[in-house]
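Chain letters run A, B, ... following the sequence lines, proteins first, then strands; residues in each count from 1.
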Protein chains: 2
Amino acid sequence: MTFTRTLLLTDISPPVAAADAAACSSPLAREAIGSLHAETLARSLKALADPARLRIISIVAAHADQEACVCDLTGQLTLSQPTISHHLKVLVEAGFLARAKRGTWSYYSLVPGSIDSVAGVLAAV
Amino acid sequence: MTFTRTLLLTDISPPVAAADAAACSSPLAREAIGSLHAETLARSLKALADPARLRIISIVAAHADQEACVCDLTGQLTLSQPTISHHLKVLVEAGFLARAKRGTWSYYSLVPGSIDSVAGVLAAV
DNA sequence: ACAATATATCGACCAATGTCAATCTAAGGA
DNA sequence: TCCTTAGATTGACATTGGTCGATATATTGT
């Protein structure tokens with residue numbers, strides 16, 4: 001890329017596309033997301049893209065105080081305790097849940113806005 | 001589920017939780033999502049949870065006519081043509097893209113509302 | 001018909017992921 | 001102090017998933 005002036009969209013006359021674009025290509029209305037942005041969003045979506053983890057989030061969100069202990073989860077999910085613990089870790093590391101240990105019990109709460117944020121970013125892709 | 005009358009939230013007095021709930025549990029404000037719903041949403045999210053596929057969707061959406069040919073993608077993604085073709089297939093099967101073959105070229109377009117729909121469902125989990 | 005091009009499919013490979021049994025850690029109660 | 005219980009960690013395993021090279025299919029141009 002050695003051009004001193006960036007090729008603008010308005011520079012493209014209908015029949016001719018951008019320099020390195022193929023003949024079949026149509027004009028762009030805006031920029032696509034960058035690869036870095038794509039990787040960040042993909043990481044968040046990967047953390048959510050599991051039935052057990054979605055149910056965990058939903059169970060936590062369904063509680064009046066937006067908080068659930070692990071026993072709430074082991075009771076409703078037909079998964080072993082270590083597996084549930086693993087999913088919780090994934091969700092905490094992805095920034096969707098926060099852990100608070102009180103006595104013997106661990107309580108998990110939703111990080112406010114974290115889900116909505118991902119949903120918003122996704123809708124803007 | 002053989003109860004004739006559903007247990008209402010207002011039936012639960014503060015100190016006592018639902019029948020099979022543990023001592024650490026707090027009351028629910030609403031129902032959590034069902035496992036079927038969770039699996040459906042997870043399938044959609046899995047299709048989106050990949051950097052290459054997010055970029056593909058973004059590139060398609062960035063086009064003025066919401067349509068891109070494969071050559072647009074091979075030019076921008078540093079992935080082999082078979083790999084891109086694979087990702088396109090995943091996105092079509094998940095219902096996010098539609099394929100239209102015209103002549104030698106295949107054009108992929110966004111299925112209107114499909115992304116917003118997932119974003120909306122996700123935000124409601 | 002033939003050659004060239006665009007895209008899809010196949011087969012194989014390696015990395016990442018979900019799951020569980022076994023074990024470890026920490027907090028409470030007797 | 002010891003036992004019990006809640007939860008996290010570890011290690012192993014099977015499955016899924018992303019990638020590419022090779023090949024197949026289909027369409028256009030000569």
Residue-level proximity of residues 53-65 of chain B to DNA chain D when a heavy atom falls under 4.0 Å
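Within residues 53-65 of chain B, the residues near DNA chain D are R53(B).
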Whether each nucleotide of nucleotides 3-16 of chain D has a protein heavy atom under 4.0 Å at its base (B), only at its sugar-phosphate (S) or at neither (-) is summarised, 5' to 3', as ---SBBB-------
Look at the side-chain heavy atoms of Ile, Leu, Val, Met, Phe, Trp and Tyr, link any pair under 4.5 Å apart, and say whether [X] and [Y] land in one connected group.
X       : Y       : answer
V70(A)  : W105(A) : no
V92(A)  : L73(A)  : yes
V121(B) : L45(B)  : yes

Can you check the [X] [atom1] to [N] [atom2] distance for me, whole Å?
X      : N       : atom1 : atom2 : answer
R43(A) : dA16(C) : CZ    : C1'   : 14 Å
L77(B) : dT7(C)  : CG    : P     : 13 Å
L79(B) : dA8(C)  : CG    : P     : 15 Å

Holding to side-chain contact (heavy atoms from CB on, under 4.5 Å), I want the full list of residues that pass it with K89(A), two or more places apart in sequence or in another chain.
E93(A)
Row check, Y107(B) ring normal vs R99(B) NZ/CZ: under 6.0 Å, within 45°:
no
Any donor-acceptor N or O pair under 3.5 Å, side chains S117(A), S114(A)
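No, because no side-chain N or O of S117(A) sits under 3.5 Å from a partner of the opposite role on S114(A).
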Would you say the side-chain atoms of R53(B) pair up with the backbone N or O of L88(B), donor to acceptor, closer than 3.5 Å?
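Answer holds: no.
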Kindly say if H87(B) contacts the phosphate of dT19(D), meaning a side-chain N or O under 4.0 Å from OP1 or OP2.
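For dT19(D), OP1 or OP2 has a side-chain N or O of H87(B) closer than 4.0 Å.
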Whether E67(A) and R102(A) form a salt bridge (side-chain N of Lys/Arg under 4.0 Å from carboxylate O of Asp/Glu) is what I want to check.
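Counted as a salt bridge, because a side-chain N and a carboxylate O are separated by less than 4.0 Å.
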